[in-house]
Chemist: 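Encoded as structure tokens, here's the structure I'll be asking about.
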Amino acid sequence: MNTFSVKAFGAESKEADLKEMNIERREITANDVEIEILYCGVCHSDLHTARNDWGGTKYPSVPGHEIVGKITKVGSDITKFQVGDLAGVGCIVDSCGHCDSCKQDLEQYCENGFTGTYNGKDTHLGGHTFGGYSQKVVVDAGHVLKVPANLDLAAVAPLLCAGITTWSPLKHWNVSAGSKVAVIGLGGLGHMAIKLAKGLGAKVTLFSRTPGKTEDAKKLGADHVVISTDDSQMATVQRKFDLIIDTVPYDHDVNPYITTLNINGTLVLVGFIGKMEEALATPPMIMGRRAVAGSVIGGIAETQEMLDFCGEHNIVSEIEMIKMQDINEAYERMLKSDVRYRFVIDMQSLS
């Protein structure tokens, strides 16, 4: 298969800073589109993969799965897109298409394993996939998304991971006008959960450990803020919530939140991958038919639904723009939660 070279930013090893490098992209096939990347959001998963925090990283590693750009080429069999169209690519660039999950538009749960935008198995060129910290990307058109033209394109980029990660549970658990939703943690995921839940008409509460985030949370759309370390405040929200979206990205105790669920309520984990050390207390679950669940990103159709909804309601992420050359500093700031609320790379800085 013919290839072409593009500039990218990636890591050669888990100890190495990200630096400029060249990578190969495939020339488009009949079913592909080529996208000039304009903006790429920065996700915690990028950092964890580059530094091999989860194990299994393949090097060189070029992260980035919150991609917004402009289509520069389309394959001969493509009618859905045209050159010049705005397009997005999220966390998935391929899936088997025939398992039960894929048939339900749930490619994120592909039984044969979806192909990640980076660090996945490249079925075209061999080796592994490279992400959006690069000038261009070539993607199967079935995994490319239409981007509403009325939105701030840079601020759209984080919707393709942070947005869909919180939209999917909101839709699965049927959040609508009048639903009572709580969000644990105000960061890249948490601020999108608040915006999207509010957009769906829910009454939204933020759980936070510190009072300093109250003003921000209310500006984003939260109706209430509860300080989770204050027993008296926690007592006021017992048996209240239909759904709690837990965005905390580290090991933490979920038990104090379970009793704030109403009967049939669910707490869904979207922020932490790993083992919870605190034992899960089952009496509040059994006595209230409450559930603790997990959710990961969303399928292509659901992601398009989310983008269309955001276009209709003018919902985008709160971002800080950076140059590609500042990514290593941005990673260190992310570890300190020093961003409100998502970094986005201006990919023109890589030209």
Side-chain angles (χ1 to χ4, degrees), residues 1-12 18-41 46 49-50 57-98 102 107 110 112-147 149 153 156-157 160-161 299-300 303-304 307 324 327 345-351:
M1 177 174 282
N2 293 330
T3 64
F4 63 98
S5 181
V6 297
K7 288 182 184 179
F9 242 69
E12 296 283 3
L18 277 69
K19 65 179 182 180
E20 186 174 319
M21 58 178 61
N22 288 315
I23 60 171
E24 294 298 305
R25 297 294 194 191
R26 69 180 183 268
E27 294 286 358
I28 62 168
T29 70
N31 296 310
D32 288 334
V33 298
E34 177 190 279
I35 300 169
E36 177 191 357
I37 301 173
L38 301 177
Y39 303 102
C40 186
D46 299 352
T49 301
T57 298
K58 304 172 184 69
Y59 293 97
S61 174
V62 176
H65 57 202
E66 299 178 346
I67 298 167
V68 172
K70 186 174 291 187
I71 293 177
T72 48
K73 292 181 182 179
V74 297
S76 58
D77 290 346
I78 305 305
T79 57
K80 181 180 178 181
F81 297 103
Q82 297 179 352
V83 171
D85 285 352
L86 298 174
V89 178
C91 305
I92 303 173
V93 293
D94 206 357
S95 53
C96 80
H98 56 73
C102 287
E107 295 93 345
C110 177
N112 296 295
F114 69 79
T115 299
T117 304
Y118 59 82
N119 208 54
K121 182 179 179 180
D122 190 328
T123 58
H124 296 270
L125 299 179
H128 59 279
T129 54
F130 296 119
Y133 295 6
S134 57
Q135 292 175 309
K136 291 186 176 182
V137 65
V138 176
V139 182
D140 173 83
H143 296 80
V144 175
L145 301 145
K146 291 180 176 290
V147 173
L153 294 184
V156 166
L160 297 164
C161 179
I300 303 302
T303 306
Q304 188 64 64
L307 286 172
M324 186 72 261
I327 189 62
I345 304 163
D346 180 355
M347 296 309 302
Q348 295 302 307
S349 62
L350 190 55
S351 299

Chemist: Ser349 side chain to Met324 main-chain N or O, any donor-acceptor pair under 3.5 Å?
Modeler: yes
Chemist: With no hydrogens and no angle check, do the side chains of Asp32 and Thr29 hold a donor and an acceptor under 3.5 Å apart?
Modeler: yes
Chemist: Report yes if some heavy atom in the side chain of Phe114 is under 4.5 Å from a heavy atom in the side chain of Asp94; otherwise report no.
Modeler: no
Chemist: Should we count NZ of Lys58 as having more than 12 external heavy atoms under 6.0 Å?
Modeler: yes
Chemist: Working to the nearest 0.5 Å, report the span between SG of Cys161 and CD1 of Ile67.
Modeler: 11.5 Å
Chemist: For a 4.5 angstrom cut-off between non-hydrogen side-chain atoms, does Ser61 reach Thr49?
Modeler: yes
Chemist: Looking only at heavy atoms, what is the nearest atom pair of Lys7 and Ser351, with distance?
Modeler: NZ-C, 3.6 Å
Chemist: Verify, without hydrogens or angle tests, whether Tyr59 (side chain) and Ala50 (backbone) share a donor-acceptor contact under 3.5 angstrom.
Modeler: yes
Chemist: State, with a plain yes or no, whether a side-chain heavy atom of Phe4 is found less than 4.5 Å away from one of Glu34.
Modeler: yes
Chemist: Go through Ile300 and Leu145 one step at a time and tell me if the side chain to side chain contact (heavy atoms under 4.5 Å, CB included) criterion holds.
Modeler: CA-CA 8 Å; Ile300 303 302; Leu145 301 145; 4.0 Å; yes
Chemist: For Lys80, look at atom NZ and say whether over 12 heavy atoms of other residues, nucleotides or ligands are found less than 6.0 Å away.
Modeler: yes
Chemist: State, with a plain yes or no, whether a side-chain heavy atom of Leu160 is found less than 4.5 Å away from one of Leu307.
Modeler: yes
Chemist: Please step through side chain to side chain donor-acceptor pair (under 3.5 Å) for the pair Thr3 and Glu24, ending with a clear verdict.
Modeler: CA-CA 6 Å; Thr3 64; Glu24 294 298 305; 2.7 Å; yes
Chemist: Is there side-chain contact between Tyr133 and Asp46, with heavy atoms separated by less than 4.5 Å?
Modeler: yes
Chemist: Report yes if some heavy atom in the side chain of Ile23 is under 4.5 Å from a heavy atom in the side chain of Val6; otherwise report no.
Modeler: yes
Chemist: Locate the shortest heavy-atom distance separating Gly84 from Lys70; write the atom from each residue and the value.
Modeler: O-CG, 3.6 Å
Chemist: Donor-acceptor pair, distance only, cut-off 3.5 Å: does the side chain of His143 make one with the backbone of Gly90?
Modeler: no
Chemist: Using the rule given for side chain to side chain contact (heavy atoms under 4.5 Å, CB included), can you reason through Arg25 versus Val137, listing the C-alpha separation, both sets of side-chain angles and the distance that settles it, and then say yes or no?
Modeler: CA-CA 7 Å; Arg25 297 294 194 191; Val137 65; 3.9 Å; yes
Chemist: What's the separation between atom NZ in Lys136 and atom CG in Leu350, rounded to the nearest 0.5 Å?
Modeler: 12.5 Å
Chemist: Looking at CG of Leu38 and CD1 of Ile345, how far apart are the two atoms once the value is rounded to the nearest 0.5 Å?
Modeler: 13.0 Å
Chemist: Let me confirm one number: the CG-CZ distance from Asn119 to Phe130, rounded to the nearest 0.5 Å.
Modeler: 10.0 Å
Chemist: Any heavy-atom pair between the side chains of Met21 and Glu12 that's under 4.5 Å?
Modeler: yes
Chemist: Can you see which heavy atom on Asn22 is nearest to which on Ser5, and at what distance?
Modeler: CB-OG, 3.6 Å
Chemist: Which atoms form the tightest heavy-atom contact between Ile71 and Ala87, and what is the distance?
Modeler: CG1-CB, 3.8 Å
Chemist: Rounded at 0.5 Å granularity, tell me how far CD1 in Ile78 sits from NZ in Lys73.
Modeler: 14.5 Å
Chemist: Would you check if Thr129 and Thr117 make a side-chain contact, meaning some heavy-atom pair closer than 4.5 Å?
Modeler: no
Chemist: Quick one: pull up OH in Tyr39 and CD in Glu66 and give me the separation to the nearest 0.5 Å.
Modeler: 15.0 Å
Chemist: Give me the atom names and distance for the closest heavy-atom approach of Ala157 to Cys40.
Modeler: CB-C, 4.4 Å
Chemist: Heavy atoms only: give me the nearest Thr72-Ile35 pair and the separation to one decimal.
Modeler: OG1-N, 4.1 Å
